Number of protein chains: 2
Amino acid sequence: MITENQNVLLTIEYDGTHFSGWQRQPGKRTVQGELERALSELCRSQIKLNGTSRTDAGVHALGQRASFTASFGIPVERIPAAANNILMGNRLAGTGDVRIISAETVPPEFHARFSARGKKYVYRIRCAEKPDVFLRNYRYQITKKLDINAMREAAMHIEGTHDFRCFQAAGGEEKESTVRTIYRIDICEEGENEIALEVCGDGFLYNMVRIITGTLVETGLGKRKPHTLADIIAGRSRQSAGHTAPPQGLYLAEVYYDFL
Amino acid sequence: MITENQNVLLTIEYDGTHFSGWQRQPGKRTVQGELERALSELCRSQIKLNGTSRTDAGVHALGQRASFTASFGIPVERIPAAANNILMGNRLAGTGDVRIISAETVPPEFHARFSARGKKYVYRIRCAEKPDVFLRNYRYQITKKLDINAMREAAMHIEGTHDFRCFQAAGGEEKESTVRTIYRIDICEEGENEIALEVCGDGFLYNMVRIITGTLVETGLGKRKPHTLADIIAGRSRQSAGHTAPPQGLYLAEVYYDFL
(Lines give C-alpha, C1' and ligand atoms only; values in the text may rest on other atoms or scores of the structure.)
Protein backbone atom coordinates (compact mmCIF):
# COMPACT_ATOMS: atom_id res chain seq x y z
CA MET A 1 0.00 0.00 0.00
CA ILE A 2 1.42 3.34 -1.06
CA THR A 3 -0.11 6.56 0.27
CA GLU A 4 0.40 9.16 -2.44
CA ASN A 5 1.56 12.70 -1.70
CA GLN A 6 0.57 12.92 1.91
CA ASN A 7 1.31 16.16 3.80
CA VAL A 8 2.87 15.18 7.12
CA LEU A 9 3.65 17.22 10.23
CA LEU A 10 6.47 16.04 12.49
CA THR A 11 7.18 16.95 16.11
CA ILE A 12 10.91 16.79 16.82
CA GLU A 13 13.19 17.12 19.83
CA TYR A 14 16.93 17.68 19.70
CA ASP A 15 19.97 18.53 21.72
CA GLY A 16 21.45 21.38 19.67
CA THR A 17 24.97 21.10 21.09
CA HIS A 18 26.56 19.29 18.16
CA PHE A 19 24.48 20.80 15.36
CA SER A 20 25.27 23.87 13.26
CA GLY A 21 21.66 24.88 13.88
CA TRP A 22 18.46 23.78 12.16
CA GLN A 23 18.95 24.97 8.60
CA ARG A 24 20.52 22.76 5.94
CA GLN A 25 24.03 23.94 4.98
CA PRO A 26 26.49 22.19 2.67
CA GLY A 27 29.26 20.38 4.57
CA LYS A 28 27.76 21.03 8.00
CA ARG A 29 25.82 18.79 10.36
CA THR A 30 22.41 20.42 10.80
CA VAL A 31 19.12 19.13 12.21
CA GLN A 32 17.27 19.68 8.94
CA GLY A 33 20.08 17.99 7.02
CA GLU A 34 20.11 14.90 9.25
CA LEU A 35 16.33 14.56 9.21
CA GLU A 36 16.08 15.02 5.45
CA ARG A 37 18.73 12.36 4.93
CA ALA A 38 16.87 9.86 7.14
CA LEU A 39 13.44 10.66 5.66
CA SER A 40 14.77 10.52 2.08
CA GLU A 41 16.18 7.06 2.79
CA LEU A 42 12.86 6.00 4.33
CA CYS A 43 10.70 7.41 1.50
CA ARG A 44 13.16 6.54 -1.28
CA SER A 45 12.81 10.05 -2.69
CA GLN A 46 14.37 13.45 -2.06
CA ILE A 47 12.55 14.95 0.97
CA LYS A 48 12.55 18.68 1.68
CA LEU A 49 11.40 19.72 5.16
CA ASN A 50 9.70 22.99 6.07
CA GLY A 51 10.76 23.68 9.65
CA THR A 52 8.88 26.08 11.91
CA SER A 53 11.88 27.69 13.56
CA ARG A 54 15.39 28.00 12.19
CA THR A 55 17.12 27.54 15.56
CA ASP A 56 20.76 28.64 15.86
CA ALA A 57 23.75 26.41 16.61
CA GLY A 58 23.59 25.24 20.22
CA VAL A 59 19.85 25.95 20.64
CA HIS A 60 17.70 22.98 21.69
CA ALA A 61 14.16 21.92 20.85
CA LEU A 62 11.55 20.03 22.83
CA GLY A 63 8.82 20.54 20.26
CA GLN A 64 10.17 21.72 16.91
CA ARG A 65 7.74 21.15 14.03
CA ALA A 66 8.42 20.43 10.37
CA SER A 67 6.17 19.42 7.50
CA PHE A 68 6.85 17.67 4.19
CA THR A 69 4.98 16.02 1.37
CA ALA A 70 5.80 12.51 0.19
CA SER A 71 4.44 9.10 -0.73
CA PHE A 72 4.87 6.32 1.80
CA GLY A 73 4.84 2.56 1.93
CA ILE A 74 4.10 2.63 5.65
CA PRO A 75 1.34 4.21 7.77
CA VAL A 76 2.17 7.76 8.84
CA GLU A 77 2.22 6.87 12.55
CA ARG A 78 5.10 4.48 11.92
CA ILE A 79 7.35 7.18 10.45
CA PRO A 80 8.91 8.22 13.82
CA ALA A 81 10.14 4.74 14.78
CA ALA A 82 11.38 3.97 11.26
CA ALA A 83 13.14 7.32 10.79
CA ASN A 84 14.64 7.27 14.32
CA ASN A 85 16.06 3.85 13.54
CA ILE A 86 17.88 5.27 10.51
CA LEU A 87 19.03 8.31 12.54
CA MET A 88 20.39 6.04 15.28
CA GLY A 89 22.11 3.83 12.72
CA ASN A 90 24.73 6.55 12.20
CA ARG A 91 25.92 6.17 15.80
CA LEU A 92 29.49 6.99 14.81
CA ALA A 93 28.38 10.35 13.44
CA GLY A 94 27.42 11.37 16.97
CA THR A 95 23.71 10.76 16.56
CA GLY A 96 21.11 10.01 19.15
CA ASP A 97 20.75 13.77 19.64
CA VAL A 98 17.69 14.23 17.41
CA ARG A 99 14.47 12.25 17.59
CA ILE A 100 11.09 12.45 15.88
CA ILE A 101 8.45 12.30 18.60
CA SER A 102 5.35 12.04 16.42
CA ALA A 103 3.99 12.30 12.87
CA GLU A 104 0.47 13.14 11.76
CA THR A 105 -1.37 13.78 8.52
CA VAL A 106 -2.31 17.42 7.87
CA PRO A 107 -4.33 19.12 5.07
CA PRO A 108 -2.49 19.73 1.77
CA GLU A 109 -2.34 23.52 2.30
CA PHE A 110 -0.74 23.20 5.74
CA HIS A 111 2.84 24.52 6.15
CA ALA A 112 4.71 24.02 9.46
CA ARG A 113 6.05 27.57 9.43
CA PHE A 114 3.40 29.69 7.74
CA SER A 115 0.46 27.97 9.46
CA ALA A 116 1.93 28.49 12.94
CA ARG A 117 -0.06 30.87 15.17
CA GLY A 118 2.64 31.20 17.77
CA LYS A 119 5.57 29.63 19.56
CA LYS A 120 6.81 29.17 23.09
CA TYR A 121 10.50 29.36 23.91
CA VAL A 122 11.96 28.54 27.31
CA TYR A 123 15.27 30.04 28.37
CA ARG A 124 16.95 28.23 31.29
CA ILE A 125 19.29 30.10 33.60
CA ARG A 126 21.32 28.68 36.48
CA CYS A 127 22.53 31.05 39.20
CA ALA A 128 25.25 29.52 41.35
CA GLU A 129 28.69 30.61 42.42
CA LYS A 130 30.29 27.55 40.79
CA PRO A 131 29.36 26.41 37.29
CA ASP A 132 28.10 22.85 36.79
CA VAL A 133 30.13 20.94 34.18
CA PHE A 134 27.14 18.74 33.28
CA LEU A 135 24.93 21.73 32.46
CA ARG A 136 27.45 23.74 30.42
CA ASN A 137 25.55 23.05 27.17
CA TYR A 138 22.06 23.28 28.69
CA ARG A 139 21.94 26.41 30.85
CA TYR A 140 23.09 30.02 30.85
CA GLN A 141 25.26 29.82 33.96
CA ILE A 142 25.47 33.05 35.93
CA THR A 143 27.59 33.25 39.08
CA LYS A 144 25.46 35.94 40.76
CA LYS A 145 21.91 36.00 42.12
CA LEU A 146 19.22 37.63 39.98
CA ASP A 147 16.46 39.89 41.31
CA ILE A 148 13.43 38.03 39.98
CA ASN A 149 10.95 40.73 40.92
CA ALA A 150 12.87 43.34 38.94
CA MET A 151 12.95 40.95 35.96
CA ARG A 152 9.19 40.34 36.22
CA GLU A 153 8.48 44.07 36.35
CA ALA A 154 10.68 44.63 33.28
CA ALA A 155 9.02 41.74 31.43
CA MET A 156 5.61 43.37 31.81
CA HIS A 157 6.78 46.16 29.49
CA ILE A 158 7.64 43.59 26.82
CA GLU A 159 4.27 41.80 26.86
CA GLY A 160 1.82 43.03 24.25
CA THR A 161 2.07 44.19 20.63
CA HIS A 162 5.10 46.38 19.93
CA ASP A 163 7.65 47.23 17.29
CA PHE A 164 10.49 45.05 18.62
CA ARG A 165 13.28 46.32 16.36
CA CYS A 166 15.42 46.88 19.50
CA PHE A 167 15.47 43.11 20.07
CA GLN A 168 16.47 42.18 16.52
CA ALA A 169 20.05 41.11 15.83
CA ALA A 170 21.86 42.26 12.74
CA GLY A 171 22.26 39.44 10.23
CA GLY A 172 18.68 38.31 10.24
CA GLU A 173 16.70 38.54 7.06
CA GLU A 174 15.14 41.93 6.37
CA LYS A 175 11.56 41.62 7.59
CA GLU A 176 8.77 43.79 6.24
CA SER A 177 7.58 44.53 9.75
CA THR A 178 9.27 44.26 13.13
CA VAL A 179 5.94 44.42 14.97
CA ARG A 180 5.22 41.26 16.96
CA THR A 181 2.92 40.26 19.82
CA ILE A 182 4.37 38.72 22.96
CA TYR A 183 1.40 37.02 24.66
CA ARG A 184 3.24 36.53 27.92
CA ILE A 185 6.58 36.14 29.66
CA ASP A 186 6.59 33.93 32.76
CA ILE A 187 9.65 33.91 34.98
CA CYS A 188 9.57 30.79 37.17
CA GLU A 189 11.96 29.81 39.94
CA GLU A 190 12.75 26.11 39.65
CA GLY A 191 14.48 24.62 42.64
CA GLU A 192 17.11 26.53 44.54
CA ASN A 193 19.13 28.13 41.78
CA GLU A 194 17.32 27.75 38.46
CA ILE A 195 15.14 30.21 36.60
CA ALA A 196 13.01 29.39 33.57
CA LEU A 197 11.96 32.26 31.36
CA GLU A 198 8.96 31.25 29.24
CA VAL A 199 8.23 33.52 26.29
CA CYS A 200 5.08 33.02 24.17
CA GLY A 201 4.51 35.09 21.09
CA ASP A 202 3.01 35.10 17.61
CA GLY A 203 6.44 35.39 16.02
CA PHE A 204 10.03 36.26 16.82
CA LEU A 205 12.70 38.36 15.13
CA TYR A 206 16.26 37.06 14.70
CA ASN A 207 17.80 36.36 18.16
CA MET A 208 14.83 38.09 19.82
CA VAL A 209 14.43 35.70 22.77
CA ARG A 210 18.17 35.71 23.44
CA ILE A 211 18.32 39.54 23.42
CA ILE A 212 15.20 39.78 25.63
CA THR A 213 16.87 37.33 28.02
CA GLY A 214 20.15 39.27 28.03
CA THR A 215 18.26 42.50 28.77
CA LEU A 216 16.24 40.88 31.56
CA VAL A 217 19.38 39.32 33.06
CA GLU A 218 21.03 42.76 33.17
CA THR A 219 17.89 44.03 34.92
CA GLY A 220 18.09 41.14 37.40
CA LEU A 221 21.73 42.04 38.10
CA GLY A 222 20.72 45.66 38.87
CA LYS A 223 22.47 47.13 35.81
CA ARG A 224 19.16 48.39 34.37
CA LYS A 225 15.97 49.67 36.00
CA PRO A 226 12.80 47.74 35.08
CA HIS A 227 10.94 50.83 33.86
CA THR A 228 13.62 51.60 31.24
CA LEU A 229 12.36 48.67 29.16
CA ALA A 230 9.55 50.87 27.85
CA ASP A 231 12.10 53.41 26.53
CA ILE A 232 14.29 50.70 25.05
CA ILE A 233 11.36 49.35 23.05
CA ALA A 234 10.16 52.82 22.01
CA GLY A 235 13.71 53.78 20.89
CA ARG A 236 13.85 50.89 18.35
CA SER A 237 17.64 50.70 18.60
CA ARG A 238 19.52 47.42 19.14
CA GLN A 239 22.27 49.37 20.95
CA SER A 240 19.95 50.32 23.83
CA ALA A 241 18.98 46.71 24.59
CA GLY A 242 21.12 44.21 26.51
CA HIS A 243 23.54 41.52 25.40
CA THR A 244 22.54 38.44 23.41
CA ALA A 245 22.29 35.57 25.90
CA PRO A 246 24.20 32.43 24.80
CA PRO A 247 22.38 29.74 22.78
CA GLN A 248 22.98 26.95 25.36
CA GLY A 249 20.06 27.95 27.59
CA LEU A 250 17.43 28.26 24.86
CA TYR A 251 14.77 25.66 24.07
CA LEU A 252 12.05 25.85 21.42
CA ALA A 253 9.32 24.37 23.59
CA GLU A 254 6.08 24.43 21.63
CA VAL A 255 4.47 25.56 18.39
CA TYR A 256 0.80 26.49 18.27
CA TYR A 257 -1.55 25.77 15.38
CA ASP A 258 -5.22 26.60 15.09
CA PHE A 259 -6.49 23.11 14.48
CA LEU A 260 -4.24 21.10 16.80
CA MET B 1 56.36 33.52 48.41
CA ILE B 2 57.05 30.04 47.06
CA THR B 3 55.77 26.99 48.93
CA GLU B 4 58.31 24.22 48.26
CA ASN B 5 57.27 20.66 47.41
CA GLN B 6 53.81 20.68 48.83
CA ASN B 7 51.70 17.51 48.50
CA VAL B 8 48.27 18.57 47.28
CA LEU B 9 45.00 16.65 46.98
CA LEU B 10 42.46 17.79 44.39
CA THR B 11 38.74 17.05 44.16
CA ILE B 12 37.60 17.07 40.55
CA GLU B 13 34.33 16.77 38.63
CA TYR B 14 34.00 16.02 34.95
CA ASP B 15 31.59 15.12 32.21
CA GLY B 16 33.32 12.10 30.67
CA THR B 17 31.50 12.28 27.32
CA HIS B 18 34.30 13.86 25.31
CA PHE B 19 37.26 12.31 27.13
CA SER B 20 39.09 9.09 26.26
CA GLY B 21 38.88 8.29 29.97
CA TRP B 22 41.00 9.47 32.88
CA GLN B 23 44.41 8.08 32.05
CA ARG B 24 46.96 10.08 30.06
CA GLN B 25 47.44 8.69 26.52
CA PRO B 26 49.52 10.16 23.71
CA GLY B 27 47.40 11.93 21.10
CA LYS B 28 44.14 11.54 23.02
CA ARG B 29 42.13 13.99 25.08
CA THR B 30 42.03 12.56 28.61
CA VAL B 31 41.08 14.08 31.98
CA GLN B 32 44.52 13.45 33.47
CA GLY B 33 46.17 14.91 30.37
CA GLU B 34 44.07 18.10 30.42
CA LEU B 35 44.59 18.63 34.15
CA GLU B 36 48.34 17.99 33.97
CA ARG B 37 48.63 20.48 31.14
CA ALA B 38 46.79 23.18 33.11
CA LEU B 39 48.64 22.49 36.37
CA SER B 40 52.02 22.37 34.62
CA GLU B 41 51.31 25.79 33.11
CA LEU B 42 50.24 27.09 36.52
CA CYS B 43 53.25 25.65 38.42
CA ARG B 44 55.74 26.25 35.60
CA SER B 45 57.03 22.68 35.98
CA GLN B 46 56.06 19.24 34.69
CA ILE B 47 53.22 18.02 36.94
CA LYS B 48 52.33 14.32 37.25
CA LEU B 49 48.98 13.52 38.85
CA ASN B 50 48.12 10.39 40.82
CA GLY B 51 44.41 9.83 40.24
CA THR B 52 42.29 7.64 42.49
CA SER B 53 40.23 5.97 39.79
CA ARG B 54 41.13 5.43 36.15
CA THR B 55 37.63 5.96 34.82
CA ASP B 56 36.84 4.70 31.31
CA ALA B 57 35.84 6.81 28.31
CA GLY B 58 32.32 8.18 28.82
CA VAL B 59 32.33 7.68 32.62
CA HIS B 60 31.68 10.80 34.71
CA ALA B 61 32.99 11.99 38.06
CA LEU B 62 31.42 14.10 40.77
CA GLY B 63 34.27 13.62 43.22
CA GLN B 64 37.37 12.18 41.56
CA ARG B 65 40.54 12.72 43.60
CA ALA B 66 44.14 13.21 42.47
CA SER B 67 47.31 14.18 44.30
CA PHE B 68 50.58 15.72 43.14
CA THR B 69 53.69 17.34 44.57
CA ALA B 70 54.90 20.74 43.43
CA SER B 71 56.13 24.17 44.46
CA PHE B 72 53.69 27.06 44.16
CA GLY B 73 53.76 30.82 44.02
CA ILE B 74 50.12 30.96 45.18
CA PRO B 75 48.28 29.64 48.25
CA VAL B 76 46.96 26.10 47.75
CA GLU B 77 43.32 27.18 48.10
CA ARG B 78 43.70 29.39 45.01
CA ILE B 79 44.76 26.49 42.78
CA PRO B 80 41.19 25.57 41.69
CA ALA B 81 40.25 29.02 40.38
CA ALA B 82 43.64 29.54 38.70
CA ALA B 83 43.74 26.09 37.09
CA ASN B 84 40.07 26.25 36.03
CA ASN B 85 40.83 29.55 34.32
CA ILE B 86 43.53 27.87 32.24
CA LEU B 87 41.25 24.89 31.51
CA MET B 88 38.47 27.22 30.37
CA GLY B 89 40.90 29.17 28.20
CA ASN B 90 40.95 26.32 25.71
CA ARG B 91 37.26 26.81 24.92
CA LEU B 92 37.77 25.78 21.32
CA ALA B 93 39.11 22.42 22.43
CA GLY B 94 35.69 21.63 23.85
CA THR B 95 36.59 22.38 27.44
CA GLY B 96 34.39 23.42 30.30
CA ASP B 97 33.77 19.72 30.93
CA VAL B 98 36.32 19.31 33.74
CA ARG B 99 36.61 21.45 36.84
CA ILE B 100 38.71 21.34 40.00
CA ILE B 101 36.33 21.75 42.94
CA SER B 102 38.88 22.05 45.75
CA ALA B 103 42.55 21.68 46.68
CA GLU B 104 44.04 20.97 50.10
CA THR B 105 47.46 20.24 51.57
CA VAL B 106 48.04 16.63 52.63
CA PRO B 107 50.97 14.89 54.41
CA PRO B 108 54.00 14.02 52.21
CA GLU B 109 53.31 10.27 52.35
CA PHE B 110 49.69 10.68 51.13
CA HIS B 111 48.80 9.19 47.73
CA ALA B 112 45.33 9.77 46.24
CA ARG B 113 45.03 6.16 45.10
CA PHE B 114 46.94 4.07 47.65
CA SER B 115 45.67 6.05 50.67
CA ALA B 116 42.00 5.64 49.63
CA ARG B 117 39.92 3.47 51.99
CA GLY B 118 36.99 3.16 49.66
CA LYS B 119 34.94 4.65 46.86
CA LYS B 120 31.31 5.23 46.01
CA TYR B 121 30.04 4.89 42.47
CA VAL B 122 26.54 5.82 41.37
CA TYR B 123 25.01 4.22 38.29
CA ARG B 124 22.01 6.09 36.87
CA ILE B 125 19.34 4.23 34.90
CA ARG B 126 16.32 5.69 33.15
CA CYS B 127 13.36 3.43 32.39
CA ALA B 128 10.98 4.94 29.87
CA GLU B 129 9.46 3.76 26.63
CA LYS B 130 11.04 6.64 24.69
CA PRO B 131 14.66 7.64 25.14
CA ASP B 132 15.48 11.24 26.14
CA VAL B 133 17.91 12.89 23.72
CA PHE B 134 19.27 15.18 26.46
CA LEU B 135 20.20 12.26 28.72
CA ARG B 136 21.83 10.03 26.10
CA ASN B 137 25.31 10.63 27.56
CA TYR B 138 24.21 10.65 31.21
CA ARG B 139 21.93 7.64 31.76
CA TYR B 140 21.62 3.99 30.82
CA GLN B 141 18.29 4.24 29.02
CA ILE B 142 16.16 1.12 29.21
CA THR B 143 12.79 0.97 27.49
CA LYS B 144 11.24 -1.53 29.95
CA LYS B 145 10.33 -1.33 33.61
CA LEU B 146 12.69 -2.95 36.12
CA ASP B 147 11.60 -5.01 39.14
CA ILE B 148 13.37 -3.06 41.88
CA ASN B 149 12.60 -5.59 44.60
CA ALA B 150 14.22 -8.39 42.61
CA MET B 151 17.28 -6.16 42.05
CA ARG B 152 17.51 -5.36 45.77
CA GLU B 153 17.29 -9.02 46.70
CA ALA B 154 20.04 -9.85 44.19
CA ALA B 155 22.20 -6.98 45.45
CA MET B 156 22.18 -8.43 48.98
CA HIS B 157 24.22 -11.38 47.71
CA ILE B 158 26.88 -9.00 46.42
CA GLU B 159 27.31 -7.05 49.65
CA GLY B 160 30.16 -8.28 51.86
CA THR B 161 33.66 -9.65 51.25
CA HIS B 162 33.88 -12.02 48.28
CA ASP B 163 36.16 -13.12 45.48
CA PHE B 164 34.59 -11.01 42.70
CA ARG B 165 36.45 -12.54 39.73
CA CYS B 166 33.06 -13.05 38.01
CA PHE B 167 32.64 -9.26 37.83
CA GLN B 168 36.10 -8.55 36.37
CA ALA B 169 36.39 -7.72 32.67
CA ALA B 170 39.19 -9.12 30.58
CA GLY B 171 41.73 -6.45 29.72
CA GLY B 172 42.20 -5.15 33.23
CA GLU B 173 45.60 -5.45 34.83
CA GLU B 174 46.30 -8.82 36.48
CA LYS B 175 45.53 -8.24 40.16
CA GLU B 176 47.13 -10.37 42.86
CA SER B 177 43.77 -10.83 44.50
CA THR B 178 40.22 -10.48 43.23
CA VAL B 179 38.79 -10.37 46.76
CA ARG B 180 37.05 -7.09 47.54
CA THR B 181 34.54 -5.82 50.09
CA ILE B 182 31.30 -4.20 48.94
CA TYR B 183 30.05 -2.26 51.98
CA ARG B 184 26.62 -1.70 50.51
CA ILE B 185 24.50 -1.37 47.39
CA ASP B 186 21.52 0.98 47.61
CA ILE B 187 18.95 0.99 44.85
CA CYS B 188 16.94 4.20 45.01
CA GLU B 189 13.96 5.22 42.91
CA GLU B 190 14.32 8.85 41.88
CA GLY B 191 11.22 10.41 40.43
CA GLU B 192 8.94 8.48 38.15
CA ASN B 193 11.36 6.64 35.92
CA GLU B 194 14.88 6.93 37.29
CA ILE B 195 16.86 4.48 39.37
CA ALA B 196 20.17 5.24 41.10
CA LEU B 197 22.34 2.32 42.04
CA GLU B 198 24.86 3.36 44.69
CA VAL B 199 27.76 0.98 45.21
CA CYS B 200 30.27 1.52 48.06
CA GLY B 201 33.33 -0.67 48.39
CA ASP B 202 36.95 -0.78 49.46
CA GLY B 203 38.10 -1.33 45.89
CA PHE B 204 36.81 -2.33 42.47
CA LEU B 205 38.09 -4.64 39.73
CA TYR B 206 38.15 -3.53 36.08
CA ASN B 207 34.56 -2.73 34.93
CA MET B 208 33.20 -4.24 38.16
CA VAL B 209 30.43 -1.67 38.76
CA ARG B 210 29.30 -1.84 35.14
CA ILE B 211 29.13 -5.67 35.19
CA ILE B 212 27.31 -5.63 38.56
CA THR B 213 24.85 -3.15 37.04
CA GLY B 214 24.37 -5.25 33.90
CA THR B 215 23.70 -8.33 36.04
CA LEU B 216 21.24 -6.48 38.28
CA VAL B 217 19.45 -4.99 35.25
CA GLU B 218 19.00 -8.50 33.81
CA THR B 219 17.57 -9.52 37.20
CA GLY B 220 15.23 -6.53 37.13
CA LEU B 221 14.07 -7.57 33.65
CA GLY B 222 13.25 -11.09 34.94
CA LYS B 223 16.02 -12.80 32.94
CA ARG B 224 17.77 -13.98 36.12
CA LYS B 225 16.49 -15.01 39.54
CA PRO B 226 17.85 -12.97 42.47
CA HIS B 227 19.16 -16.02 44.36
CA THR B 228 21.40 -17.05 41.42
CA LEU B 229 23.75 -14.18 42.28
CA ALA B 230 25.30 -16.32 45.04
CA ASP B 231 26.17 -19.04 42.49
CA ILE B 232 27.51 -16.52 39.99
CA ILE B 233 29.91 -15.13 42.60
CA ALA B 234 30.93 -18.60 43.85
CA GLY B 235 31.57 -19.78 40.29
CA ARG B 236 34.20 -17.05 39.68
CA SER B 237 33.51 -17.01 35.93
CA ARG B 238 32.90 -13.82 33.94
CA GLN B 239 30.68 -15.81 31.54
CA SER B 240 28.06 -16.47 34.22
CA ALA B 241 27.59 -12.79 35.07
CA GLY B 242 25.53 -10.31 33.04
CA HIS B 243 26.47 -7.79 30.37
CA THR B 244 28.69 -4.77 30.94
CA ALA B 245 26.38 -1.76 31.33
CA PRO B 246 27.39 1.22 29.15
CA PRO B 247 29.73 3.88 30.56
CA GLN B 248 27.22 6.75 30.11
CA GLY B 249 25.31 6.03 33.34
CA LEU B 250 28.33 5.71 35.63
CA TYR B 251 29.54 8.40 38.04
CA LEU B 252 32.49 8.19 40.44
CA ALA B 253 30.73 9.92 43.32
CA GLU B 254 33.06 9.92 46.31
CA VAL B 255 36.43 8.69 47.59
CA TYR B 256 36.93 7.93 51.27
CA TYR B 257 40.12 8.62 53.24
CA ASP B 258 40.83 7.94 56.89
CA PHE B 259 41.74 11.47 57.87
CA LEU B 260 39.26 13.49 55.80
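A note on names: the letters A, B, ... follow the listed sequences, proteins ahead of strands, and every chain is numbered from 1. As the structure is a prediction and not an experimental result, all values here were calculated from the model. Reckoned from all heavy atoms, side chains included, excluding hydrogens, waters and symmetry mates.
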Next on the checklist: Is it the case that over 12 heavy atoms from other parts of the model lie below 6.0 angstrom from the NZ atom of A:K28?
Outcome noted: no

Item to check | Over all atoms of both residues, closest heavy-atom pair of B:V133 and A:D15 | outcome: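 In terms of heavy atoms, the two residues are closest at CG2-N, 3.9 Å.
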
Which atoms of [X] approach chain B - backbone, side chain, both or neither, heavy atom under 4.5 Å:
X      : value
A:Y138 : side chain
A:L62  : side chain
A:A61  : backbone

Item to check | Those residues that, when tested against A:Y251, pass ring-ring contact (aromatic ring centres under 6.0 Å, His included) (two or more places apart) | outcome: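 Residues passing ring-ring contact (aromatic ring centres under 6.0 Å, His included) with A:Y251: A:H60, B:F134.
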
Item to check | Residue pairs fulfilling side chain to side chain donor-acceptor pair (under 3.5 Å) with at least one residue in residues 124-134 of chain B, sequence neighbours excluded | outcome: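 Only B:R124-B:E190, B:R126-B:Q141 qualify under side chain to side chain donor-acceptor pair (under 3.5 Å).
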
Checklist entry - Between the side chain of A:R99 and the main-chain N/O of B:P131, is any donor-acceptor distance below 3.5 Å? => result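 Answer holds: yes.
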
